[in-house]
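Comments concern the structure below.
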Amino acid sequence: MNFTSPEFRVKVGLAEMLKGGVIMDVTDASQARIAEDAGAVAVMALERVPADIRAEGGVARMASIEKIEEIMQAVSIPVMAKCRIGHAAEARILEALQVDFIDESEVLTPADEENHIWKHDFRVPFVCGCRNLGEALRRIAEGAAMIRTKGEAGSGNIVEAVRHLRAVQREIRRLTTLTPEELVAASKELQAPLELVQWVAQNGKLPVPNFAAGGVATPADAALCMMLGAESVFVGSGIFKSEDPARRAAAIVKAVAQWQDPQALLEASRHLGMGMRGLDVSRLTPEEMLSRRGW
Ligand SMILES: O=C(CO)[C@H](O)[C@H](O)COP(=O)(O)O
């Protein structure tokens, strides 16, 4: 199967190099420099941070080529960029631009409500979001070399990220207890290929790195994601919708690197100024939940 091929393992190796770090959403060169100076391991180029996409509405597309180039020229760390779910043409353009990773993201307006991109056909690695193990395995089957739990992007509320991280870990643990014939039924329930289900059952983890995203607003939120099994954290609105983005960005990097050290977390949490206001996710309608996009 494709997920064990040498080409795929090279893409996964690139994802592995980002473990233990923070990937920050940025919309221009000045935000990208703030991210790099704060110690981000990569930046994610997009036209608006998720909180603005949510507030302003309209169709959210791949960022403009000029903005992505501006960001690529501004920093020396890897640059990722988002394309719409199912938008293989945006992805081909980003690949031609030589971004380091493509995020087929629910944060942008989906281009295809049934099909995600067949990512094995690309040389560039992809990251995709998930809410549970079945969604993660379907994306890996299509060729995603990195998974991130979706959380609720732009909400400033960590509750959905926690829900999704716990769901993935709980479902992985369950698979490790099943017999071979029960794994066949699990594959049907998860709507995921049996070979991938068997691999997860044998290894007790995903075959690609599992990062967290969506709603991280404080160093403590980022540390909580790591405690729940994330191997790295994506942050956007929580930094750039706060009073002091540079300070908060550095504090979140520190919290992810030292998430097991309460004293370090205490220091990272001091003197940050106002955080983003945040939303009560339980009041959002299903249509307003970005995490429900994709399947
Ligand atoms: O899809 C993403 C990963 O790059 C989002 O940009 C990420 O979820 C950011 O969300 P938030 O603005 O809540 O931090």
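Both ligands and their constituent atoms are indexed starting at 1 by order of listing.
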Region of [X] that comes within reach of ligand 1 [heavy atoms, distance under 4.0 Å]:
{"X": "R148", "result": "side chain"}
{"X": "I23", "result": "neither"}
{"X": "S105", "result": "side chain"}

With heavy-atom distances below 4.0 Å as the criterion, list the atoms of ligand 1 near [X].
{"X": "V235", "value": "14 (O)"}
{"X": "D25", "value": "4 (O), 5 (C), 6 (O), 7 (C), 9 (C)"}
{"X": "M44", "value": "4 (O)"}
{"X": "F234", "value": "3 (C), 4 (O)"}

Pick from S237, G236, A153: the one approaching atom 12 (O) of ligand 1 most closely through a non-hydrogen atom
S237

Nearest-0.5 Å distance that lies between atom CD in Q198 and atom CG in L175
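The distance works out to 10.5 Å.
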
So, does [X] sit close enough to ligand 1 that a heavy atom of it is under 4.0 Å from the ligand?
{"X": "G215", "result": "yes"}
{"X": "V49", "result": "no"}
{"X": "K82", "result": "yes"}

Aromatic W295 / basic R139 pairing, under 6.0 angstrom, 45° off normal
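Yes, R139 lies over the aromatic ring of W295.
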
Using the rule that two of Ile, Leu, Val, Met, Phe, Trp, Tyr join whenever any of their side-chain heavy atoms come within less than 4.5 Å, decide whether F8 and F101 are in one cluster.
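Per the 4.5 Å side-chain linkage, F8 and F101 are not co-clustered.
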
